[in-house]
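Could you have a look at this structure, given as structure tokens, before my questions?
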Amino acid sequence: MPTGTFDEMNGWPGSGTRPAYGEVRRWLDETSPAILQTRQAQAELLFRRTGITFSVYGDAEGAERLIPFDLVPRVLSSAEWSRLERGLVQRVQALNALLADLYGAQDIVRAGIVPQELVALNPQYQLAVAGHTPSKGVFVHIAGIDLVRTGPDDFYVLEDNARTPSGVSYMLENREMMLRLFPELVARSQVAPVETYPDLLLETLHSVAPERRNGDPCVVVLTPGPHNSAFYEHSFLADKMGVELVQGADLFVRDEVVYMRTTEGPRRVDVIYRRLDDAYLDPLAFRPESTLGVPGLLSAYLAGNVALANAVGTGIADDKAMYSYMPEIIRFYSGEDAMLSNVPTWRCREAEHLSYVLDHLPELVVKEVDGSGGYGMLVGPHASKAQISDFAAKLRAAPEKFIAQPTLDLSTCPTLDGDKVAPRHVDLRPFVLTGADGVKVAPGGLTRVALTPGSLVVNSSQGGGTKDTWVTG
Amino acid sequence: MLSRTASNLFWTGRYIERADFVARLVEATARLASLPSTYGGDPTAWTGALAAAGAAAAFAKTGAEPTDIAIAPFLTVDPASPSSIHSCLELARNNARAVRTALTREVWEALNGAWHEVERFAGPRLSRVRLDDLLETVHRAVLAFEGAAHRTMLRDDAYWFLQLGSAMERADNTARLLDVKYHLLLPRDELVGGSLDHFQWVTILRTVSANTAYRWVYRDTVKPWLVADLLIFNTQMPRSLASCYEEIDGLLDRLGKGSGRRGPAHRTASAMLLGLRNTDIDAVFASGLHEFIGRFLADNNRLGAAVAEQFLF
């Protein structure tokens with residue numbers, strides 16, 4: 001077993017440039033850091049002018065911030081990608097099967113694979129939709145699967161995002177930026193295009209529209225509004241698909257049918273790509289104080305008159321405690337072994353696991369089971385003594401809310417830092433679409449990079465950046 | 001089109017237009033105020049500008065002395081002042097941001113770029129050089145916005161709502177400018193106040209970028225009644241009330257085609273256009289310019305309410 005950190009371009013320490021990076025290596029050697037810096041500044045200006053910004057909660061000053069974009073692409077060979085792709089399809093099919101089962105017969109619980117209380121007592125399990133089959137049987141239309149890498153063939157799934165995964169607009173805009181700044185490099189490298197994603201997404205959404213007698217299905221994107229951190233992405237996707245971007249107040253429900261308010265009167269809506277959590281969808285069914293949702297939406301959904309993507313209740317599948325059972329879940333539904341490994345996970349709900357975790361906090365990463373965005377997590381090796389003892393107290397108080405994982409030595413990728421190029425840790429979020437007619441994956445995905453030397457936290461809300469991701473050859 | 005989208009576009013159009021008007025108003029005022037008093041320089045020029053921008057009450061609340069030093073930043077860069085250029089562009093941008101999908105990338109970038117540029121001028125003090133720089137920036141930004149809209153947007157509801165907001169605001173601005181200066185615009189047989197007033201009339205023309213247009217239309221020296229005629233009735237002059245209402249009427253026609261119905265907004269606009277066509281400047285002076293403008297402003301507001309009603313804003 002080689003020692004040190006695996007680098008996407010340079011492999012293990014001491015080995016040569018990996019073949020997929022041939023063109024990028026040559027380009028880095030030929031291009032002076034000053035030119036790279038100029039291009040980087042140019043990219044920032046273009047992003048700012050386009051308004052590709054996001055908001056960070058609890059940060060008054062950064063009301064609109066740019067996600068830092070790094071020029072050096074992350075490259076995967078087509079062989080690496082096709083292996084990943086098969087694993088992603090398998091995994092997302094299992095997630096959909098799991099949800100159909102959990103909201104149906106619950107065979108997997110009766111088979112003793114997933115514990116009863118993890119379902120019944122889980123706030124992410126939406127009792128309101130138990131027994132309901134969504135249109136065409138699809139639950140997770142859009143999934144973002146977070147992958148990390150520790151060696152040439154060692155990819156791990158870090159998280160499944162089955163609720164409202166974001167970031168796909170950066171996947172597309174980063175490519176546009178690279179095409180604009182370095183057209184020859186992209187052309188020489190024979191990069192698989194990602195620009196068809198909006199078409200694939202629209203196809204997927206059309207495919208799950210409930211049957212109705214006349215007219216084409218009407219698809220909309222439902223956003224919480226311009227103050228949401230991912231608003232840019234919502235408007236971007238609606239724009240690229242050519243569908244309306246609506247807020248809750250633009251929709252209303254009459255006789256269990258959803259309409260949008262237009263200048264020419266009400267217009268019927270068939271499919272809602274909603275970028276709003278379950279809890280805010282319908283004040284009559286969920287949080288009564290929510291003003292972002294649509295009163296009566298759930299009744300229209302249960303009547304089968306509107307499809308929601310993703311379906312209501314998918315949060316139970318991306319719960320981090322549920323995650324730890326994914327290898328068994330995949331085997332249960334497909335009869336195959338999981339092609340993509342899980343990161344070993346300690347479930348703090350189990351006493352033995354909890355005591356191990358408490359003894360090894362400085363080495364572990366501890367996460368909330370329903371957390372996201374890198375909020376509320378502990379990265380043991382980077383935490384102070386006080387932070388660790390605070391976290392231990394939280395763990396003891398509510399162990400079922402946490403899982404723990406070893407700190408993985410994530411692969412690094414060359415990244416521009418001031419006037420030099422240096423290795424920084426990266427992950428990968430491919431986007432997987434599931435419609436009535438099957439599963440599709442856009443080649444590549446979003447590579448997130450921790451810009452601070454040594455840091456393992458890549459979340460944009462925590463100061464991470466992004467890179468263009470190439471599948472070549 | 002979503003009613004909210006229509007509303008956001010309408011207001012984007014209005015606020016851009018208002019930013020443009022305030023910029024030209026400030027530019028013309030600064031020029032008038034810098035003339036020596038023997039040449040018509042007017043120490044009350046800045047308070048007049050406040051009134052024309054509809055910002056007199058808001059300025060009074062700040063308790064500042066009504067001098068150019070306080071008023072110029074108040075009308076341009078002050079984020080706390082509701083009718084400053086900064087606020088107008090910010091509101092235009094917020095409205096546009098909520099309906100990004102209805103605008104082309106070029107239109108959005110023109111507006112977003114304008115807002116970021118104007119942000120650079122923020123601060124309590126504004127030298128004359130920086131003021132000119134700012135006004136020039138706004139001027140160019142508005143042209144870029146209009147040009148981008150003209151060249152890149154589909155000719156559909158989105159474009160028409162944007163133009164509708166802009167035309168209604170333009171009519172409102174011209175009318176308010178006339179209302180503040182009505183005492184200077186006298187009928188033909190009235191004794192004209194002498195050469196001092198000349199600069200005031202020229203200032204009015206400059207505010208609506210019509211200094212040269214006036215001469216092309218009338219081929220005459222600047223006469224107050226002709227200034228009034230130009231700004232109210234001349235349909236070649238894009239900021240005249242008649243011209244704005246021809247545009248508004250045409251836009252509502254197009255918007256009505258989608259649904260095949262004529263609504264209350266349409267009827268109000270057509271009635272106003274007819275009113276403007278069937279009267280002339282002598283009749284207006286006979287019944288009182290001030291009263292005429294007051295009625296027009298009220299009708300224009302009524303049209304705003306009718307638009308909101310008809311398109312379910």
Side-chain angles (χ1 to χ4, degrees), chain A residues 44-55 63-64 66 169 172-173 176 180 198 202 218-228 230-252 258-267 269 273 275 294, chain B residues 1-10 12 90-91 93-117 119-120 141 144 148 154 156-158 160-161 164 251-252 254-261 263 265-266 307-313:
Chain A
E44 247 161 63
L45 192 73
L46 288 169
F47 276 131
R48 172 90 55 195
R49 195 191 303 156
T50 318
I52 307 181
T53 56
F54 77 110
S55 329
E64 281 174 37
L66 287 179
S169 58
L172 296 166
E173 292 284 13
E176 288 301 312
R180 199 156 163 176
L202 185 61
C218 171
V219 175
V220 300
V221 176
L222 174 62
T223 172
H227 300 294
N228 184 269
F231 179 74
Y232 171 74
E233 175 155 310
H234 307 161
S235 68
F236 176 89
L237 288 174
D239 197 25
K240 293 287 169 192
M241 289 194 287
V243 305
E244 294 286 359
L245 177 66
V246 304
Q247 300 181 18
D250 297 325
L251 300 178
F252 68 93
V258 183
Y259 297 91
M260 59 180 167
R261 298 174 211 273
T262 79
T263 53
E264 285 156 29
R267 170 151 185 229
V269 173
Y273 176 21
R275 298 292 299 255
V294 186
Chain B
M1 158 171 286
L2 282 180
S3 297
R4 181 181 49 81
T5 307
S7 164
N8 285 133
L9 287 166
F10 177 79
T12 302
E90 184 167 22
L91 286 164
R93 179 178 181 267
N94 287 347
N95 274 285
R97 189 164 177 259
V99 292
R100 271 292 296 269
T101 51
L103 298 170
T104 59
R105 190 161 180 144
E106 287 85 348
V107 172
W108 162 254
E109 288 186 3
L111 177 50
N112 193 39
W115 185 73
H116 283 298
E117 287 214 36
E119 279 258 279
R120 284 192 298 128
L154 288 177
D156 65 1
D157 292 13
W160 296 325
F161 274 113
L164 182 64
L251 288 166
L252 287 168
R254 295 203 175 102
L255 287 168
K257 276 203 184 116
S259 62
R261 292 178 275 139
H266 212 141
V307 166
E309 183 196 342
Q310 179 172 338
F311 298 104
L312 315 163
F313 283 9

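Just so it is clear, the structure is predicted and the values come from calculations on it, not from any experiment. Here is how names work: the chains are called A, B, and so on, in the same order as the sequence lines, proteins then strands, and each is numbered from 1.
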Spatial distance of atom CE (Met241(A)) from atom OG1 (Thr101(B)) [nearest 0.5 Å]: 10.5 Å
Between Gly113(B), Gly263(B), Ala98(B), the one whose heavy-atom pairs under 4.5 Å with chain A are most numerous: Ala98(B)
pair Phe311(B)-Glu264(A): side-chain heavy atoms closer than 4.5 Å: no
Are the charged groups of Glu173(A) and Arg105(B) less than 4.0 angstrom apart, N to O? yes
If you measure from CZ on Phe231(A) to CZ on Arg100(B), what distance do you get to the nearest 0.5 Å?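 Going from the CZ atom of Phe231(A) to the CZ atom of Arg100(B) covers 8.5 Å.
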Let me confirm one number: the CD-CZ distance from Glu244(A) to Arg4(B), rounded to the nearest 0.5 Å.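 Answer rounded to 0.5 Å: 9.0 Å.
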Could you check Thr262(A) against Met1(B) for side chain to side chain contact (heavy atoms under 4.5 Å, CB included), going step by step and ending with a plain yes or no? CA-CA 5 Å; Thr262(A) 79; Met1(B) 158 171 286; 5.7 Å; no
At a heavy-atom distance under 4.5 Å, which candidate from Met260(A), Arg267(A), Gln247(A) has the highest pair count against chain B?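 So the answer, after comparing Met260(A), Arg267(A), Gln247(A), is Gln247(A).
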Heavy-atom distance under 4.5 Å between the side chains of Thr263(A) and Phe161(B), does that happen here?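 Side-chain contact under 4.5 Å: yes.
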For Arg180(A), salt bridge (Lys or Arg N to Asp or Glu O under 4.0 Å) partners two or more places apart: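 Per chain and number, Arg180(A) pairs via salt bridge (Lys or Arg N to Asp or Glu O under 4.0 Å) with no residue.
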Looking only at heavy atoms, what is the nearest atom pair of Leu245(A) and Leu2(B), with distance?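 Shortest heavy-atom separation between Leu245(A) and Leu2(B) comes out as O-CD1, 3.4 Å.
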Region of Val221(A) that comes under 4.5 Å of a non-hydrogen atom in chain B: neither
